[in-house]
Amino acid sequence: MKNETRNGNIPQPIRNDGAGWWDLGPRDIMRDIENPDMLVSPATDAGSLSNMKFSFSDTHMQLNHGGWSREITVRELPISTTIAGVNMALTPGGVRELHWHQQAEWAIMLVGRARITSVDQNGRNFIADVGVGDLWYFPPGIPHSIQGLEEGSEFLLVFPDGNFSDLNTITISDWFAHTPMDVLSTNFGVPTSTFAHIPNHQLYIYQGTVPGPIESQQVPDPQGTIPLSFTHRLLAQKPIVTPGGTVRIVDSTNFPISTQIAASLLEIKPGAMREMHWHPNNDEWQYYISGTARMTVFAANGTARTFDYRAGDVGYVPRAFGHYIENTGDKTLWAMEIFKSDRFEDVSLNQWMALTPHQLVQGNLNVGPELINALTKEKQYIVKNPEFSYYPKTDK
């Protein structure tokens with residue numbers, strides 16, 4: 001075992017070196033089981049770093065006829081200043097009403113399928129169906145909608161502003177409800193009686209009917225089609241394959257419309273980890289899709305902190321802080337790395353050392369040829385150690 005127990009399998013905050021003591025008072029044992037590296041932090045953790053974890057399961061659920069939503073912003077995770085995330089689900093036919101944002105919207109479909117619609121600033125419309133692994137991106141101010149298809153849908157929405165709240169979205173129903181009817185009459189050239197039954201409040205999400213085939217929904221557009229697609233099939237993208245898993249990187253180089261969000265989809269096999277690295281261009285916002293993981297974040301001045309993650313959790317790493325992500329389970333870990341940037345950039349510790357004069361590395365770290373000869377000049381992304389075990393072998 002990693003730490004001592006009393007009363008069977010109840011974990012206790014006692015490290016193998018004897019540090020700590022029994023927790024005999026009130027406690028949330030299930031939380032402690034889910035967070036073994038917070039209950040018993042590695043001896044290498046030191047100093048104080050901000051919290052870099054929050055779970056969507058700990059957020060408020062906004063329930064509507066037609067679906068639900070929940071969000072993680074700076075209110076829930078104060079360190080997350082660059083990104084806010086919204087987890088949303090729509091029933092078959094459920095509609096996220098016609099709306100737009102001051103911020104860009106980036107999304108990935110997690111379950112099911114949905115139909116998205118939009119019209120750009122030049123009057124060119126866009127209608128598409130999206131399925132699992134598909135992305136969409138709407139620039140700031142571009143109006144759009146989302147509707148669940150036959151099987152319903154669940155997706156992750158990402159906005160490049162930690163203060164963003166999806167409940168403050170600009171919606172068509174809310175604008176109509178707060179516009180005098182004579183103004184609506186003048187604007188659309190119809191009698192005021194036309195608006196007798198419009199909603200008197202924001203709908204946000206409502207239950208509609210499942211739309212027919214996409215061909216039946218197309219609206220001929222004299223302005224033509226948008227020049228850059230609002231969607232991208234991430235799972236159809238050829239991955240970077242490593243012995244420990246795969247990586248799919250998506251940014252403005254292969255999804256040109258996505259100028260404010262870059263991302264990578266990680267597939268980390270059991271016994272593997274996202275290599276030690278950092279990001280020079282912006283903070284990293286993470287979303288864990290499946291599996292279990294732990295991450296240690298290293299800052300400076302001898303500070304480091306370890307966190308445990310599972311499906312539905314959000315992680316965060318400030319720009320240039322060193323970190324890695326270990327798969328701590330016996331199933332494949334799937335996770336997203338997301339950045340407020342037009343480009344994905346990372347620096348590999350291994351590659352940096354391999355491309356630095358060997359004598360300098362040896363003198364700096366007091367290491368011999370065994371490490372120097374193992375360094376690689378190619379970025380690894382995900383590495384696999386056949387002898388890796390979540391808990392040290394001496395504890396078994």
Side-chain angles (χ1 to χ4, degrees), residues 37 42-46 49 52 238-251 253 262-286 288 291 293-307 309 315-329 332-339 341 343-390 392-393:
D37 292 285
T44 47
D45 279 11
L49 285 177
M52 298 181 194
K238 184 178 180 180
I240 299 170
V241 179
T242 76
T246 64
V247 179
R248 290 174 172 86
I249 296 171
V250 57
D251 58 19
T253 62
S264 68
L265 174 63
L266 306 177
E267 176 194 15
I268 305 177
K269 297 177 182 178
M273 76 177 203
R274 175 74 165 92
E275 69 169 334
M276 298 172 73
H277 68 286
W278 64 94
H279 303 278
N281 58 334
N282 219 316
D283 298 1
E284 174 181 329
W285 191 92
Q286 304 165 342
Y288 290 84
R294 71 170 171 181
M295 174 176 69
T296 296
V297 178
F298 169 72
N301 297 316
T303 57
R305 188 176 177 188
T306 302
F307 301 87
Y309 299 92
Y316 199 84
V317 184
R319 178 167 57 183
F321 281 19
H323 59 287
Y324 55 85
I325 303 171
E326 289 180 282
N327 183 339
T328 58
T332 297
L333 171 69
W334 288 90
M336 296 291 308
E337 301 174 319
I338 301 174
F339 310 86
S341 176
R343 295 292 180 92
F344 174 90
E345 296 181 359
D346 75 334
V347 178
S348 162
L349 176 63
N350 193 329
Q351 185 183 47
W352 173 43
M353 293 170 61
L355 295 171
T356 298
H358 295 172
Q359 185 178 5
L360 188 60
V361 175
Q362 288 177 300
N364 199 124
L365 296 174
N366 193 28
V367 294
E370 183 178 13
L371 175 61
I372 299 300
N373 294 336
L375 297 175
T376 174
K377 296 178 181 179
E378 300 296 328
K379 195 173 293 185
Q380 299 298 293
Y381 292 105
I382 299 173
V383 293
K384 185 175 179 64
N385 183 346
E387 298 181 355
F388 171 83
S389 174
Y390 177 46
K393 290 185 176 181

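Residue numbers start at 1 and run along the sequence shown. It should be emphasised that the depicted structure is a prediction, and the values quoted were computed from it without experimental measurement.
Interatomic distance, Ile372 CD1 to Gln362 CD, rounded to the nearest 0.5 Å: 4.5 Å. Note that CZ of Phe298 and CZ of Phe321 are 9.5 Å apart. Values are rounded to the nearest 0.5 Å. Atoms OG1 and CG, from Thr328 and Leu333 in turn, are 7.5 Å apart once rounded to the nearest 0.5 Å. A distance of 8.5 Å separates CD of Glu378 from CG of Leu355, quoted to the nearest 0.5 Å. Between the NZ atom of Lys384 and the CE atom of Met273 there is a distance of 12.5 Å, given to the nearest 0.5 Å. Atom OG1 in Thr303 sits 4.5 Å away from atom CG in Leu49 (nearest 0.5 Å).
Tyr309 approaches Met295 most closely through the heavy-atom pair OH-CE, 3.3 Å. Among all heavy-atom pairs drawn from Thr44 and Ala304, the shortest one is O-CB, 4.1 Å. Residues Leu265 and Met336 come closest through the heavy atom pair CD1-SD, 3.3 Å. Closest non-hydrogen pair, Gly329 versus Pro270, comes out as O-CB, 3.7 Å. In this structure, Phe344 and Asp251 approach most closely via the heavy-atom pair N-OD2, 2.9 Å. Nearest approach of Ile338 to Ala263, heavy atoms of both residues: CG1-CB, 4.0 Å.
Two residues are said to be in side-chain contact when any heavy atoms from C-beta on lie closer than 4.5 Å; Arg319 and Asp283 meet this criterion. A heavy-atom distance below 4.5 Å is not found between the side chains of Tyr324 and Arg274. No side-chain heavy atom of Val317 sits under 4.5 Å from any side-chain heavy atom of His279. A heavy-atom distance below 4.5 Å is found between the side chains of Leu266 and Ile325. Side-chain contact between His323 and His277 is present, with at least one heavy-atom pair separated by less than 4.5 Å.
Between the side chains of Glu275 and Ser348, a donor-acceptor pair is found at a separation under 3.5 Å. In this model, a donor atom of one side chain and an acceptor atom of the other lie less than 3.5 Å apart for Tyr288 and Gln286.
For the salt bridge (charged side-chain N to carboxylate O under 4.0 Å, His left out) test, no residue two or more places apart in sequence or in another chain qualifies with Lys269.
Side-chain atoms of Glu284 never come within 3.5 Å of backbone atoms of Asn282 as a donor-acceptor pair (strictly under, hydrogens ignored). Gln351 places a side-chain N or O within donor-acceptor distance of the main-chain N or O of Lys377, the cut-off being under 3.5 Å. Counting only distance, with no hydrogens or angles, the side chain of Asn373 and the backbone of Pro369 share a donor-acceptor pair below 3.5 Å.
Between Lys379 and the options Thr242, Asp346, Asn350, a side-chain hydrogen bond (donor to acceptor under 3.5 Å, both in side chains) holds for only Asp346.
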